[in-house]
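Take a look at the structure set out below.
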Amino acid sequence: MTQLTPDTQEMLDSLRAAVSEALERKQRLGHYAVIWQDGKPMLVGEDAPDQIDQQSPGGQALD
């Protein structure tokens, strides 16, 4: 793996912290989250719908 510059590493760490905080907040509020896993969107959380609508709002398929 290539070494990141200190500025780039700081930005990456900030983004990871922000995402972690957002996911934790959603979990505490009981909201589901949409994450990308294995090349597909995944709904995670107790209140997540059973299926993802396979059409995006623009009419293009998600898979």
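We use all heavy atoms of the structure for the numbers below, so side chains are in, but hydrogens, waters and symmetry mates are not. Positions are given from 1, in the same order as the sequence printed here. Everything numeric here is computed off the predicted structure, so don't read it as measured data.
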- Short side-chain to backbone donor-acceptor contact, Ser14 and Glu10, under 3.5 Å: yes
- Which heavy atom in Tyr32 sits nearest to a heavy atom in Asp47, and how many Å separate them?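 Shortest heavy-atom contact: N-OD1, 2.8 Å.
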- Query: Is the number of heavy atoms from other residues, nucleotides or ligands under 6.0 Å of Gln9 CD greater than 12?
  - Reply: yes
- Between the CG atom in Leu15 and the CG atom in Asp13, the distance rounded to the nearest 0.5 Å is 9.0 Å
